[in-house]
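What you see below is based on every heavy atom in this structure, not just the backbone, and it leaves out hydrogens, waters and symmetry mates. Naming: A, B, ... by sequence-line order, numbering from 1 per chain. Keep in mind the model is a prediction, meaning the values are calculated, not measured.
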Amino acid sequence: MPTPKRLRDVIREIRSARTAADERAVVQKECAQIRDTFREEDNTYRCRNVAKLLYIHMLGYPAHFGQLECLKLIASPRFTDKRIGYLGAMLLLDERQDVHLLITNSLKNDLNHQTQYVVSLALCTLGAICSTEMSRDLAGEVEKLLKSSNAYIKKKAALSAVCIILKVPDLMEMYIPASRALLNEKNHGVLLTAVCLLTCMCEKSPDTLSHFRKLVPQLVRILKNLIMAGYSPEHDVSGVSDPFLQVKILRLLRILGKNDANASEAMNDILAQVATNTETSKNVGNSILYETCLTIMEIHSESGLRVLAVNILGRFLLNNDKNIRYVALNTLLRVVHADYNAVQRHRSTIVDCLKDPDVSIKKRAMELCFALINTNNIRGMTKELIFFLEKCDPDFKADCASNLVMAAEKHSPNKRWHVDTVMKVLTTSGNYCRDDVVASLIQLIQEAHALHAYAVQQLYKALLQDVSQQPLVQVACWCLGEYGDALMSQAIEEEEPLNVTEDEVLEVLERVLIDNNSSVLSKEYALTATVKLSTRFKHSVPMIRKLISIHGASTNVELQQRSVEYGALFRDQDPIRAGLLEPMPIPDKPPTQDTKQNGQAMTNGNGDLDDDIPSDVDDFGSSRTSKPAKTAPPAASESQNILDLLGGDSPVAPPLESTKPAGSNDILDLLGGIDLSADPGIKHCVAQPPSLLGDDFNTMHNAAAIPSLTAFDRAGVKVEFIFNRVSPNNVNVTVRSSNSNSSTFNDFVFQAAVPKTFQVQLDSPSSSVLPANNAGFVTQVVHIANPQKQPIRMRIRLTYTGEGGVSVAEQAEVNNFPPATWQ
Amino acid sequence: MIKFLYLVNKQGQPRILKYFDNDSTLSRKTSESAIIRKCLSHAEGGCSFLDYRGTKLVFRKYATLYFILGVDEDENELAALEFIQNIVEIFDKYFDKVCELDIMFNLDRVHVILDELLCNGCIVEGSKSLALGPLLLMDKVVK
């Protein structure tokens, strides 16, 4: 066996490798040799080999085979061996249990070693790799070392104690007396680590926190000595005495002073002293000032002190050093809730930071700007932020746009401005803007009756210029569909009349429909807009029919289906077209979403409508037709939850909310007007009746009386089904629910789902209140279509608010439909 | 708390990687290269702080070497930056005009210095002379 190469030579060899492949070859050869030596149990060169292995590990090659060798080195009596062994243990060991058991013993021995450097190695390693078991086994040893007279050992023991407490918080008690004593030390290292230990304990346990509040005077004294002390070469860092210790103490004071008036009172003076006396020309001084400001703002400090802190941050904002500007923005963001008006004073400087070339600064400045928007400054701030939106990196655009829309919603001075602003955000952010902006702008325009004509005119102009921005296209299409007639008929004050013709409007829609860059979603919007215009435009029906037929053979199922179905509205179903295409009612507000959390899912351009669907119906994704349209009322999407009960893509009809007589108009209301084919119910009644009626001339079933069925009877709530076979393929079920409890149940909702061989449609219920003691019924008619005449299966779900406001949800499966209902 | 310290050269090759949190080895490897790339591609003369998945990266370039500290939200960024400067000054003192090669060829010694300065994610010692003491003693004994 030749002598193994020296570490130095190996590094040189690896460095001289010209390509990555060369390097791999060198490393592999070396690793093979190291393994051979390990196998021979050679003691002389083990240390050298492990050192080489550590280098190789750092380069990213596997080195786990050295783990056991590290343990052998640790057990060796030689210091050099131990040193490399412990280093290896820190770098190579992961959570492997068996190795941990072996190392615990060695650590225990070394913690009791008489040489301080060996003890220190063991303490360092313990902190780096300690597991729960190891913490329990060695906690006592560490506590003993914490009380040793040797400062060098004490400071390392304190940090090991931090690790142990983080792993096993129960062990904290043990260290409380010893850690208090550490503050009496003179050695800065010990003080520094003692403050770390105290901070860790205070963060972990509120009890300990209140216990340690009495240490405030002592900490204040230490801090005072630090800033009063003259130059000491040992602890000087760029002219400041031990800034690291100062920062740590300030942070601990912040934790101790938070929500406690007495502790805060005790530290007011020293904070003022630090804030005024610290040298600000260098980074060190600023780091201390920064920490001081945070502490002042978080504790119960005097108002004068707060002004001082905010002024320091204001000075930071004007500093030439980018790092200091960043820190200032970051801090202002943290304190803006504590002192809103003080931060507001620096608004113009903060707005200037939006123009900084650095991303980190820009990001913080943007966040801070949004925090500062209020009703008074909304106009100015929005102008600046839209300007920023135009110029900023793509990463920021989505966030910035959504936040602008939210701010406008909260603080807008008037509707006209609001609509203008959101439109401007939409045109500026282009395709980066999220789907929530589209939905909220549509809603906004819909609610502002006086602005319909204005909005549609502006959007038409924007669309003429650019059809490539999908969110804009979607909003514009929707508005053209709804209010397209206003383009020609109404003159708008302050605006020049456009003088457009019907053909011009349709041409724009055609551009969207045939543009290769339009997303499927945009085309869907355009298609629906076109069909709506057929009732609003007087002379253009042939042109509209032509546009609708463009996608009759589209490879996209959704587009094709819409195209074909809308086409049918001009032929067989022409009488219902006018009713179907009436102006949309204003939908309920969609639940506000945390745009940040949903940011990933909601980025625009996915062409899918399923943003609002709860995740529990994800497995249902194959059937597009049953998904609720985006602007449908929340109830519609809730009722989809029941779909996964049957495990397949079975269509379900949401219960009708409106009290108007059931008819095609009502169904459309639910759909929110974007997605006419979203509901299987409508598909059924629009497309199927002709073919169904064809093969039916047997009406004798109607006469037979069908026995009723108790579908559900639990906890006093009883649901009865009464059947009426209207045709061989259709049965109407009258659902009669009653309540024998002594209290009335509110918010009663009945939902039903069937496998996909059936179709189901629910009329609106007679009431949502279920009276007590069987004093009344809630009735609801369910239409079931069963073209294949299969045995009917149904899942039902009941939700109501029971006694004491508890909401109850029950489910049941109904399989025992009488044969007369389906045979 | 300080989560990790990287020393990498301009080409992105690691020279020292030291971790202070109990993360799994696998997740370290994946984030390592992403972090290094992020810092190296950051415009020079810009701000020294970046965000990476909830970790604040504080970094500074010295000649061919980048020093990258990963710290959590509570850590003082300016102090962390100062700490990097402190590390470099201590290296400079020990190696006498430190360069990338010194660090490469004295991996174990660099680790000894770092262990004196930084332990379990906290700063142990701010004083330059005290931090070098044990290593100087060790060198004397070895000779």
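Looking at Leu50(B), both its backbone and its side chain come within 4.5 Å of chain A, counting heavy atoms on both sides. Contacts of Leu192(A) with chain B are made by side-chain atoms alone, with heavy-atom separations under 4.5 Å and no backbone atom involved. For chain A, no part of Val141(B) is nearby; none of its heavy atoms comes within less than 4.5 Å. Only the side chain of Phe244(A) comes within contact range of chain B, with heavy atoms under 4.5 Å apart. Proximity to chain B involves both the backbone and the side chain of Ser160(A), based on heavy atoms less than 4.5 angstrom apart. With a 4.5 Å cut-off on non-hydrogen atoms, Cys124(A) touches chain B through its backbone and its side chain both.
Glu116(B) and Ser120(A) make their closest contact through OE2-OG, 4.4 Å (heavy atoms, listed as atom of the first residue, atom of the second, distance). Contact between Cys163(A) and Asn120(B) at its shortest, heavy atoms only, is SG-CB, 3.4 Å. Taking both residues in full, the closest heavy atoms of Ala79(B) and Val247(A) are given as CB-CG2, 4.3 Å, listed atom of the first, atom of the second, then distance. Contact between Leu17(B) and Leu91(A) at its shortest, heavy atoms only, is O-CD2, 4.0 Å. In terms of heavy atoms, Val284(A) sits closest to Glu82(B) at N-OE1, 3.6 Å. The two residues Glu73(B) and Arg334(A) make their nearest non-hydrogen contact at O-NH1, 4.3 Å.
Between Phe49(B) and Tyr326(A), the ring planes lie tilted relative to each other; the angle falls in the 30° to 60° range.
Within the 4.5 Å cutoff, side-chain heavy atoms of Asp51(B) are placed close to those of Lys363(A). Taking 4.5 Å as the limit, some side-chain heavy atom of Asn106(B) sits within range of a side-chain heavy atom of Arg8(A). In this structure the side chain of Asn76(B) never reaches within 4.5 angstrom of the side chain of Arg251(A), judged on heavy atoms. In this structure, the side chains of Glu89(B) and Val237(A) stay at 4.5 Å or more apart for every pair of heavy atoms. By the 4.5 Å heavy-atom criterion applied to side chains, Arg83(A) and Met138(B) are counted as neighbours.
Glu125(B) and Tyr152(A) share no donor-acceptor pair across their side chains, judged by distance under 3.5 Å alone. Side-chain contact of Asn283(A) with Gln85(B): a donor-acceptor pair under 3.5 Å is absent, judged by distance alone. Between the side chains of Asn323(A) and Ser48(B), at least one donor N or O sits under 3.5 Å from an acceptor N or O.
One distance of note links CG of Asp108(B) with CD1 of Ile84(A); it measures 4.5 Å at 0.5 Å rounding. A distance of 10.0 Å separates CD1 in Ile11(A) from CG in Leu101(B), rounded to the nearest 0.5 Å. Atom CG in Asp74(B) sits 7.5 Å away from atom CD1 in Ile255(A) (nearest 0.5 Å). Lys56(B) contributes atom NZ, which lies 5.0 Å from atom CG of Asn330(A) (distance to the nearest 0.5 angstrom). Note that the OH atom of Tyr117(A) and the CG atom of Leu135(B) stand 10.5 Å from one another [nearest 0.5 Å]. Here the straight-line distance linking atom CG of Leu166(A) with atom CE of Met1(B) works out to 7.0 Å at 0.5 Å rounding.
Screening Arg325(A), Arg364(A), Lys362(A), Lys322(A) for a side chain to side chain contact (heavy atoms under 4.5 Å, CB included) with Cys47(B), the sole residue that qualifies is Lys322(A).
Heavy-atom pairs under 4.5 Å with chain A were tallied for Lys18(B), His42(B), Lys128(B), Glu32(B); the largest tally goes to His42(B).
In the displayed structure, Lys282(A) atom NZ is contacted under 6.0 Å by at most 12 heavy atoms of other residues, nucleotides or ligands. At most 12 heavy atoms of other shown residues, nucleotides or ligands fall within 6.0 angstrom of atom CZ in Arg15(A). Annotation: Lys258(A), atom NZ; neighbour count of heavy atoms from other residues, nucleotides and ligands within 6.0 Å does not exceed 12.
Salt bridge absent: Asp115(B) and Lys156(A) never bring a charged side-chain N and a carboxylate O closer than 4.0 Å.
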